[in-house]
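Quick notes on the structure that follows.
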Amino acid sequence: MGADGNPTVGGAPMMADMNIIENAVNSPINTTLVAAVQAAGLAETLQGDGPFTVFAPTDDAFAALPAGTVESLLQPENRATLTKVLTAHVVPGTWTSQAFMDAADSEGFVHMETVSGDALSAQVKSSGNVYIFDESGNVRDVVTADVMQSNGVIHVVDGVLLPE
């Protein structure tokens, strides 16, 4: 935890009075995400008022994709695909772990629509752990939850969420 009680990400303090992009650029484990957001032209949007909930894959999550995937997505001719993948990680509103618990159905699930129009589901376990399910059937662990931002919240996830 940082001095203000906000979780650190990759050892870097995350400031609740800074926006999603301002904090993300300070995270040493989200450099690929920042590069992708910049390549897709989404930085200005994620600096806006929001609020947004961002499921932020780590550099290791991007590295786990098939060889050449990230490099291909970062090519200018693939900007639309990159934008689709990135916006499948963003949900309107501020979804904290507590909000997930409060909204969960009897099996612990909350179903959400991303900015891209794709579906995500969060499952909250009795242990408090949160898992994110994407449309492709992948299940990702929220490894750092509730990183509060001036325009929303970030949850660091251990995998890239893929739209169908």
Separation between CG (Leu74) and CZ (Arg79), nearest 0.5 Å, reads 12.0 Å

inquiry  = Can you confirm whether more than 12 heavy atoms, excluding those of Glu77, are under 6.0 Å from its CD atom?
reply    = yes

Q | More than 12 heavy atoms of other groups within 6.0 Å of Glu107 CD | A | no

### Task
Check whether any side-chain heavy atom of Arg140 sits under 4.5 Å from a side-chain heavy atom of Tyr131, and report yes or no.
no

Query raised in the report: Is the side chain of Asn30 donor-acceptor paired with the backbone N or O of Pro57 at a distance under 3.5 Å, no angle test?
Result: yes

Output for pair (Leu33 CG, Leu46 CG), nearest 0.5 Å, gives 8.5 Å

Classify the side-chain pair Asn78/Ser72 by whether it contains a donor and acceptor separated by less than 3.5 Å. yes

Partner of Gln149 under side chain to side chain donor-acceptor pair (under 3.5 Å), picked from Asn19, Asn23, Thr53, Asp17, is Asn23

CA sep, side-chain torsions, deciding dist, call: Met14, Val9, side-chain contact (heavy atoms from CB on, under 4.5 Å): CA-CA 7 Å; Met14 300 285 113; Val9 176; 3.7 Å; yes

For residues 123-139, the salt bridge (Lys or Arg N to Asp or Glu O under 4.0 Å) pairs (sequence neighbours left out) are none

Exercise for the section: Give the C-alpha distance, both sets of side-chain angles, the deciding distance and a yes or no for side-chain contact (heavy atoms from CB on, under 4.5 Å) between Thr81 and Leu73. Expected result: CA-CA 7 Å; Thr81 302; Leu73 285 171; 3.7 Å; yes

- Message: With a 4.5 Å cut-off on side-chain heavy atoms, are Asp49 and Asn151 touching?
- Response: no

Practice problem: Would you indicate whether the side-chain heavy atoms of Pro13 and Asn26 approach each other to under 4.5 Å? | Solution: no

>> Would you say the rings of Phe100 and His155 are close, in the sense that their centroids are separated by under 6.0 Å?
In response: yes

Value for CG (Asp118) from OG1 (Thr87), rounded to nearest 0.5 Å, stands at 7.0 Å

Query raised in the report: Can you check whether Leu162's main-chain N or O pairs, donor with acceptor, with Ser136's side chain at less than 3.5 Å?
Result: yes

Between the CG atom in Asp146 and the OG1 atom in Thr94, the distance rounded to the nearest 0.5 Å is 10.5 Å

When Val156, Val130, Leu161, Ile154 are each screened for side chain to side chain contact (heavy atoms under 4.5 Å, CB included) with Phe55, the one that passes is Leu161

Open item on the list: Please determine whether side-chain contact (heavy atoms from CB on, under 4.5 Å) holds for the pair Val157 and Val143, giving the CA-CA distance in whole Å, both sets of side-chain angles, and the decisive distance to 0.1 Å.
Closed with: CA-CA 6 Å; Val157 292; Val143 294; over 6 Å; no

Neighbour count above 12 (heavy atom, 6.0 Å) for Asp102 CG: yes

So OG1 of Thr58 and CD1 of Ile29: to nearest 0.5 Å the spacing works out to 6.0 Å

Value for NE2 (His89) from OG (Ser116), rounded to nearest 0.5 Å, stands at 9.5 Å

When you compare the side chain of Gln47 with that of Thr45, does any pair of heavy atoms fall below 4.5 Å? no

Next on the checklist: Tell me whether Val54 shares a hydrophobic cluster with Phe62, the cluster being built from Ile, Leu, Val, Met, Phe, Trp, Tyr side chains joined at under 4.5 Å.
Outcome noted: yes

Side chains of Val142 and Ile132: closer than 4.5 Å at any heavy-atom pair?
yes

Exercise for review: Please answer whether the main-chain N or O of Asp158 pairs with a side-chain N or O of Asp141 as donor and acceptor at a distance below 3.5 Å.
Suggested key: no

Side chain to side chain contact (heavy atoms under 4.5 Å, CB included) with Leu42: of Val115, Ile21, Val90, Leu86, only one passes, and it is Leu86

Practice item. Compare all side-chain heavy atoms of Val110 with those of Asp105 and state whether any distance is below 4.5 angstrom. Key: no

Below 4.5 Å, heavy atoms only, C-beta onward: do Met18 and Ser150 meet side chain to side chain?
-> no

Next on the checklist: Contact between Asn138 and Phe133 at the side-chain level, heavy atoms closer than 4.5 Å - yes or no?
Outcome noted: no

